[in-house]
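One structure is given below, encoded as structure tokens.
The chains referred to below are lettered A, B, ... by the order of the sequence lines, with proteins before strands, and numbering in each begins at 1.
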Amino acid sequence: MDIATLVGFILAIGSVVYSIALGGSFIIFYDLPSLVLIGGGVAATVFLKWPLDIVKAAITVYLKSLFTTPVDLKAMIDEIQRLAETARRESVFALEKIPVEDKFLKKAVTLAADNRPPEVISSILGLEISAMEDRHSKGADVFDQMGADGPAMGMIGTLMGLVQMLQNMSDPSSIGPAMAVALLTTFYGALIANVFCLPIAAKLKVRSKEESAKMNIIIAGVLGIVAGENPRTVREKLESFLPPSQRTVAEEKKD
Amino acid sequence: MDIATLVGFILAIGSVVYSIALGGSFIIFYDLPSLVLIGGGVAATVFLKWPLDIVKAAITVYLKSLFTTPVDLKAMIDEIQRLAETARRESVFALEKIPVEDKFLKKAVTLAADNRPPEVISSILGLEISAMEDRHSKGADVFDQMGADGPAMGMIGTLMGLVQMLQNMSDPSSIGPAMAVALLTTFYGALIANVFCLPIAAKLKVRSKEESAKMNIIIAGVLGIVAGENPRTVREKLESFLPPSQRTVAEEKKD
Amino acid sequence: MDIATLVGFILAIGSVVYSIALGGSFIIFYDLPSLVLIGGGVAATVFLKWPLDIVKAAITVYLKSLFTTPVDLKAMIDEIQRLAETARRESVFALEKIPVEDKFLKKAVTLAADNRPPEVISSILGLEISAMEDRHSKGADVFDQMGADGPAMGMIGTLMGLVQMLQNMSDPSSIGPAMAVALLTTFYGALIANVFCLPIAAKLKVRSKEESAKMNIIIAGVLGIVAGENPRTVREKLESFLPPSQRTVAEEKKD
Amino acid sequence: MDIATLVGFILAIGSVVYSIALGGSFIIFYDLPSLVLIGGGVAATVFLKWPLDIVKAAITVYLKSLFTTPVDLKAMIDEIQRLAETARRESVFALEKIPVEDKFLKKAVTLAADNRPPEVISSILGLEISAMEDRHSKGADVFDQMGADGPAMGMIGTLMGLVQMLQNMSDPSSIGPAMAVALLTTFYGALIANVFCLPIAAKLKVRSKEESAKMNIIIAGVLGIVAGENPRTVREKLESFLPPSQRTVAEEKKD
Amino acid sequence: MDIATLVGFILAIGSVVYSIALGGSFIIFYDLPSLVLIGGGVAATVFLKWPLDIVKAAITVYLKSLFTTPVDLKAMIDEIQRLAETARRESVFALEKIPVEDKFLKKAVTLAADNRPPEVISSILGLEISAMEDRHSKGADVFDQMGADGPAMGMIGTLMGLVQMLQNMSDPSSIGPAMAVALLTTFYGALIANVFCLPIAAKLKVRSKEESAKMNIIIAGVLGIVAGENPRTVREKLESFLPPSQRTVAEEKKD
């Protein structure tokens with residue numbers, strides 16, 4: 001589970017609830033027709049904008065990214081170094097017998113053990129990366145667009161509420177509450193957009209970059225192994241992908 | 001017919017109608033001069049911005065994208081594999097006799113059966129893809145711009161209504177309804193933009209990407225056939241365009 | 001004359017006039033200081049942002065694009081095919097004697113008849129295209145920026161009107177009309193931006209693309225002629241620039 | 001002095017002053033705390049966003065661009081043609097003795113007279129162009145950002161004024177003037193952004209493009225001279241950088 | 001310490017404090033629930049959008065950029081020239097013994113002294129630059145997004161305050177203060193965004209460019225040394241990265 005997301009949701013809900021509680025009753029922030037309008041409206045734009053399979057994929061991609069542990073690039077480099085040492089000591093073919101947990105690394109190692117030429121390895125794995133990035137960026141798109149449609153639907157709802165209120169001003173005491181209700185759709189829309197959709201899209205993009213950084217390290221590492229490079233050289237090359245503070249080579253940190 | 005679009009329209013109209021019905025009469029959301037202003041204004045910007053043939057093409061492109069069945073990439077790969085097997089068993093020239101439904105695949109197969117060199121095949125078909133993408137992106141542009149012009153025209157209409165109301169405040173009881181009417185153009189503009197134009201533009205872009213993904217698979221497949229590659233190798237290469245979960249090769253899913 | 005633009009202006013002015021006429025007097029939409037502020041302010045930003053020659057060029061480019069007939073790519077391809085046939089039958093040098101109306105085609109044909117090498121032809125004509133695109137995009141920029149400055153100046157005017165109104169509220173009956181007048185600059189600014197400037201910029205960009213598509217067809221055609229290609233092959237290549245529905249080769253339409 | 005800028009400032013100030021004068025007293029548009037807030041706030045963001053040397057450079061770049069005469073590309077081409085003729089008649093080494101006013105042309109000619117190879121000339125001068133563009137784009141950035149910070153600071157000031165007004169509504173007659181004052185920061189911010197900062201940034205970008213167009217002409221010309229090309233060929237090549245209407249070759253104008 | 005940032009903060013806080021002080025009491029700008037909502041809300045979006053390590057890295061990157069002295073490119077060029085002279089006089093291997101303060105230059109010199117081939121040096125150091133740029137751009141992203149989330153959270157808070165106020169209008173004298181409080185979240189959000197987050201992001205981007213300019217100079221210099229170029233030629237090449245006014249070669253300034 002992604003702890004930052006958990007903390008974020010608790011903080012977001014906590015500060016909204018605290019702020020409402022101090023100001024009075026919770027019930028004034030509940031209005032069924034407004035909820036139906038926002039919920040239905042945003043769902044409608046999702047269906048209008050995307051084919052069903054992309055919508056499903058977006059949800060899957062998000063849930064998975066939520067429950068995956070962050071990528072540990074350093075452990076990955078350690079593992080690749082161990083593979084490089086095995087390949088040096090025995091042979092590239094010996095790699096196939098070593099158990100490898102990461103799916104992408106497994107695929108890369110299998111290609112290497114099959115003695116495929118470097119260009120083939122790099123092109124097959126490169127296609128895999130761009131397919132993964134494409135899946136992730138479609139998912140991020142769905143949530144980004146919801147982040148724009150939430151406020152837009154909120155504004156439409158508020159306009160509807162204002163029109164109804166303005167056409168019916170005979171009872172002055174009802175004007176305030178009617179306007180309050182009219183503002184609720186904008187409130188709902190802004191909340192959905194800024195607390196759910198846009199942060200989700202942002203996190204998906206970050207995760208996608210992390211994942212593709214990891215994959216690029218794997219490709220660089222396996223190509224080094226296939227080229228018969230010294231395990232130490234392989235490590236040195238891969239560590240240039242890391243921030244200086246995480247490198248094993250004794251180097252002073254810089255920003 | 002694209003089911004998601006249908007569901008989307010029903011949801012959008014349903015939630016607006018439900019929300020209006022709860023709040024009172026439908027008639028207060030109808031104002032002829034406002035409709036004329038928005039309809040005329042948005043149509044005007046379309047004519048001012050685009051030549052007639054692009055407007056017509058945009059409508060055609062949209063209607064077609066609405067009524068085409070989604071692209072089934074897996075079935076396409078199956079078909080290409082069968083073609084590759086035929087080409088292997090008999091010869092590339094035998095491909096011409098095989099019935100092929102997809103127009104673009106037909107064109108690609110014909111070029112292959114004509115024994116055209118790979119660079120020629122790939123350049124002719126590549127031009128076709130970019131022409132298709134250009135057509136689709138012009139269509140998406142038309143609707144995207146309408147999505148910006150709707151709210152702009154709505155704001156112009158609301159400003160006109162406010163000016164008329166403010167110049168004529170002798171009867172206090174008419175102020176509310178006059179302001180309600182003034183807000184209607186903004187409401188119409190927001191509705192047109194967010195429920196029709198912007199979702200249409202978004203779906204067109206998605207469809208265009210799907211279509212060009214399919215075409216790229218076809219090009220890659222036919223080039224593999226022409227190069228005399230093993231049908232199994234051809235399939236393997238084409239499947240890297242698919243999300244892992246749809247591949248036939250036994251692989252565990254990853255996100 | 002570009003008919004779509006004419007229709008657009010009539011529609012825009014018609015719907016605004018109709019909407020004003022229904023709502024009362026025209027005079028309430030006229031305020032000289034507001035007009036001076038918007039007119040002077042937008043003109044000022046144009047002079048502040050652009051050198052005089054670009055302003056003049058932008059107007060010229062716009063007027064020309066308004067009064068040119070749309071590019072007929074198919075007729076252009078016919079003409080190039082005829083030239084290719086002449087070059088085949090007689091020789092490339094015979095092209096010089098054939099009358100050619102289009103300036104750019106004339107230049108291309110002259111270069112071909114001068115027996116210039118293909119790289120030279122393509123580089124000279126390519127420079128011409130990018131110079132044309134640069135001229136058009138500067139023109140579009142001028143109008144795009146005016147489309148942003150109109151509403152900005154409108155807002156400045158409205159703020160000035162509001163400040164004057166708020167400082168002078170002793171007579172309640174004058175508040176409404178004063179606020180109406182304050183809103184007029186925003187109205188003028190929005191009208192200028194959305195009905196004149198932004199559509200003009202959009203149409204200029206479309207025209208520029210059409211023009212450069214035509215020029216690219218001419219370059220491809222003349223290079224084919226110089227390479228001594230079969231007129232039929234030349235046509236086939238050029239038609240891939242057209243939407244499928246306009247091609248002569250019997251093909252079913254696709255979107 | 002750039003005449004367009006002068007005309008623009010006079011127009012902008014003139015129309016604002018005219019519009020204020022018609023509406024009443026000038027004094028109502030003056031509020032010291034608002035001026036301090038806007039002036040201090042915008043200056044603060046400049047210091048927060050940019051190192052001191054970039055701020056200084058931005059001002060220098062702007063002042064210089066204001067007082068330089070526009071680039072006359074045609075005169076520059078004439079001069080290069082004369083140089084080409086000298087180089088032809090005598091030799092490339094003779095170029096050094098010819099007086100050349102433009103610094104960049106001088107540098108290019110010196111490199112040519114030093115008999116440096118074409119790649120070296122083109123790489124040294126290319127670096128010079130990108131350094132100039134970088135300097136100009138940093139300057140434009142500073143003013144563009146001020147154009148965004150002006151309205152932002154204006155909104156902050158207006159919010160502060162509104163909060164103060166709303167907390168202090170015991171005297172109804174003071175509400176109007178207090179709100180007027182609250183609006184002044186937004187007015188100041190919009191004026192600074194739209195009349196000063198954004199136009200300055202736009203003009204800097206235009207000037208930068210003109211300058212780099214001139215420099216590219218010089219590079220192309222000097223490379224032609226070094227390659228020993230015919231002066232007439234050199235001119236012909238350079239003129240393709242000009243709009244057709246300015247070319248000496250008898251050609252009909254096209255847009 | 002970056003003096004411009006210090007001056008900026010003092011200016012920003014000073015002008016806000018001055019403006020509040022003139023307008024009355026400071027206490028009216030303090031509201032705990034609003035502060036909790038903005039603080040909690042913006043922190044929530046940060047956690048929702050970014051993994052913890054990027055948040056930590058962003059803070060580190062910012063603090064470091066605040067307390068580093070600006071890069072002195074000219075001193076760096078002097079140092080590289082001295083290294084080039086040593087390498088000329090003695091040999092490339094002698095470089096290792098020369099003390100070098102800058103970490104990146106040290107690494108470059110070590111690679112040169114190790115007699116690594118130029119492509120290797122340039123690829124290893126290039127990776128280092130892009131890793132540094134990536135770190136900095138992630139940091140800038142975090143603050144840029146906070147600059148968007150501040151006002152969004154402010155608007156959500158203001159909507160909540162307005163809804164509470166509108167539902168509770170029985171006491172007219174409380175309406176003003178309630179609305180004032182509702183506006184405070186928007187005020188806080190705008191202040192956080194425009195005075196802290198966006199300027200920080202802007203300065204990070206500038207610092208990152210400066211840093212990468214310095215690194216590119218180092219790479220170019222060390223490659224020149226490795227190629228055995230004349231120290232004077234090395235300097236001349238490196239100075240083309242500087243603005244003309246800072247070059248040692250006697251040249252008149254140009255803008």
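Only the side chain of A/Phe29 comes within contact range of chain E, with heavy atoms under 4.5 Å apart. For chain A, the nearby part of E/Ala131 is the side chain; its heavy atoms alone come within less than 4.5 Å.
Pairing each heavy atom of A/Ser15 with each of E/Gly40, the nearest pair is OG-C, 3.7 Å. Closest approach of A/Phe9 to E/Leu48, counting heavy atoms only: N-CD2, 3.7 Å. Here the closest non-hydrogen pair linking A/Asn194 and E/Thr45 is O-CG2, 3.7 Å. Smallest separation of non-hydrogen atoms from A/Ser19 and E/Pro33: OG-O, 4.1 Å.
Interface remark: of the candidates A/Pro199, A/Ser25, A/Ala202, A/Pro199 forms the most heavy-atom pairs closer than 4.5 Å to chain E. Chosen from A/Lys205, A/Lys203, A/Lys209, the residue pairing most often with chain E at heavy-atom distances under 4.5 Å is A/Lys203.
In this structure, A/Arg207 and E/Pro51 have side chains that are in contact, with non-hydrogen atoms separated by less than 4.5 Å. Residues A/Val195 and E/Met153 form a side-chain contact, since some pair of their non-hydrogen atoms from C-beta on lies under 4.5 Å apart.
Within residues 163-191 of chain E, the residues having any heavy atom under 4.5 Å from a heavy atom of chain A are, by residue number, E/Val163, E/Gln164, E/Leu166, E/Gln167, E/Met169.
A distance of 7.5 Å separates OG1 in A/Thr158 from CG in E/Leu159, rounded to the nearest 0.5 Å. Residue E/Ile124 holds its CD1 atom at 6.0 Å from CD of A/Glu236, rounded to the nearest 0.5 Å.
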| request: Begin from the C-alpha positions of E/Met160 and A/Ile20 and carry the test side-chain contact (heavy atoms from CB on, under 4.5 Å) through to its verdict. | output: CA-CA 7 Å; E/Met160 286 168 64; A/Ile20 290 182; 3.3 Å; yes
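More than 12 heavy atoms of other residues, nucleotides or ligands lie within 6.0 Å of CD in E/Glu119, so this atom counts as buried by the packing criterion.
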